[in-house]
Amino acid sequence: MPELPEVEFVARQLQTELVGSRVVSAHVSWARTIGDMDTREFAERVARQTVRRIGRRGKLLLIFLDGGDVLAIHRRMSGNLYISPPATEDPYTRVSFSLDDGRRLLYSDPRKFGRLSLVAETDLDATFAGLGPEPLAREFTPDALAQRLATTKRAIKATLLDQAVIAGLGNIYADEALYCAGIHPLRPANSLTRDEIVALHGGIQTVLETGIRYGGTTIGRHRDAFNEAGTNVAHLNVYQHTGQPCRRCGTPIRRIVVAQRGTHYCPHCQPDSTVREKRPAIRE
DNA sequence: CTATAAACCTGCTGGC
DNA sequence: TGCCAGCAGGTTTATA
């Protein structure tokens, strides 16, 4: 699943590859991918614009065009954006862009959840409405995190997934950050101590930076801008490690469901002082 | 405010 | 071996 590191890695690759390239034409083969915009209007508007720079906000990949438009891409569950040689076929292509140098930029998405929206750069604020701070920005301090956690009693795992609280965390990195900080996923957000918040802040930044360094986590379908898998899966400690021994203490990793999401944690390293488990520990 | 569920989709897995 | 129900999860919307 593309979360912040997967989007950031692709953004950096495309910044090198795509800036200065001009879009010759666009073809939409699954209309809902571009939302409510008319297919023909989308194609006509994007054609002949040149890529000026690439950006990212949360899980949104931003392609700034010199005609004043921004292509904002959210890959959701299974979307990939990559540069493809002219001949190759991808059965899951939903939108394709032909570039002036003969290359093609493909948006491929088996489950069709992802969205490409073409917005005027002057309207970007509306696109970003409801997004919390960037977790790797300087302004994202432990104090900033503390402020946002203090106002809710929701489970910390659910709170970390809320894009209005922090932009860019998804199911994988939320679990990893909580493990890194030694915090149980069901702890109420407003119950964290100052020390725990500092640890969580550090954990969030650590797991995201590691994810970027290794090209993102490829478990299902994530691919980078060259259609290559990332290798961060080797650096995960709990996500989809159910039953496997914790790398720190050997206790089997447990899986529970929090806010309708599979949630993985180490019962020993992420102890639970305030939350009562649904299945109480068996005493011998 | 908070929680829960359904909808959007299809590939993949596990059970029989 | 083959079939199929159900799971996977980011986001929005609806409902309690």
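When reading the values below, keep in mind they use all heavy atoms of this one structure, side chains included, and skip hydrogens, waters and symmetry mates. Reminder, nothing fancy here: chain letters follow the sequence lines and each chain counts from 1.
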Between [options], which nucleotide gets closest to the side-chain atoms of [X]?
X	options	value
A:Arg76	C:dA8, B:dG11, C:dT11	C:dT11
A:Gln260	C:dT11, B:dT4, B:dT2	B:dT4
A:Arg154	B:dC12, B:dC8, B:dA3	B:dA3

Just call it for [X]: base, sugar-phosphate, or nothing, with non-hydrogen atoms closer than 4.0 Å on any strand.
X	value
A:Gly262	sugar-phosphate
A:Arg32	sugar-phosphate
A:Tyr173	nothing
A:Arg75	nothing
A:Thr152	sugar-phosphate

Nearest-Å distance for atom pair [atom1]/[atom2], residues [X] and [N]:
X	N	atom1	atom2	result
A:Trp30	B:dT10	CH2	C1'	11 Å
A:Arg223	B:dG11	CZ	C1'	13 Å
A:Asp90	B:dT10	CG	P	15 Å
A:Gln240	C:dC7	CD	P	15 Å
A:Asp162	C:dT11	CG	P	10 Å
A:Leu160	C:dT11	CG	C1'	17 Å
A:Leu161	C:dT12	CG	P	13 Å
A:Leu149	B:dT2	CG	P	12 Å

Using the six-membered base ring of B:dC8, report whether A:Phe113 stacks on it, requiring centroids under 5.5 Å and planes under 30° apart. yes

Report yes if at least one side-chain N or O of [X] is closer than 4.0 Å to OP1 or OP2 of [N]; otherwise report no.
X	N	answer
A:Tyr92	B:dG11	yes
A:His74	C:dT11	yes
A:Arg261	C:dG10	yes
A:Lys153	B:dA3	no

Comparing nearest nucleotides in DNA chain B, the 5'-proximal residue of the pair A:Lys112, A:Ala259 is A:Ala259

Is the ring pair A:His201/A:Phe140 parallel, tilted or perpendicular, if the boundaries are 30 and 60 degrees? parallel

Can you give the dot-bracket line for DNA chain C, where a pair is Watson-Crick or G-U wobble with both atom distances under 3.5 Å, crossing pairs use [ ], and | marks a partner on another strand? .|||||||.|||||||

Should the pair A:Glu3-A:Lys59 be classified as a salt bridge under the 4.0 Å nitrogen-to-oxygen rule? no

Same-atom distance (P) from C:dC4 to B:dC9, integer angstrom: 23 Å

Looking only at atom C1', what distance separates C:dG6 and B:dA6, rounded to whole Å? 16 Å

Check: [Y] and [X] side chains under 4.5 Å, non-hydrogen atoms:
X	Y	answer
A:Phe113	A:His74	no
A:Ile172	A:His264	no
A:Glu176	A:His235	no

Please give me the minimum heavy-atom distance between A:Pro245 and A:Gly250, naming the atom from each residue. CB-O, 3.4 Å

More than 12 foreign heavy atoms under 6.0 Å from CG of A:Asp101: is that the case here? yes

So with a 6.0 Å cut-off around NE2 of A:His27, is the heavy-atom count from everything else above 12? no

Any side-chain donor-acceptor pair under 3.5 Å between A:His222 and A:Arg75? yes

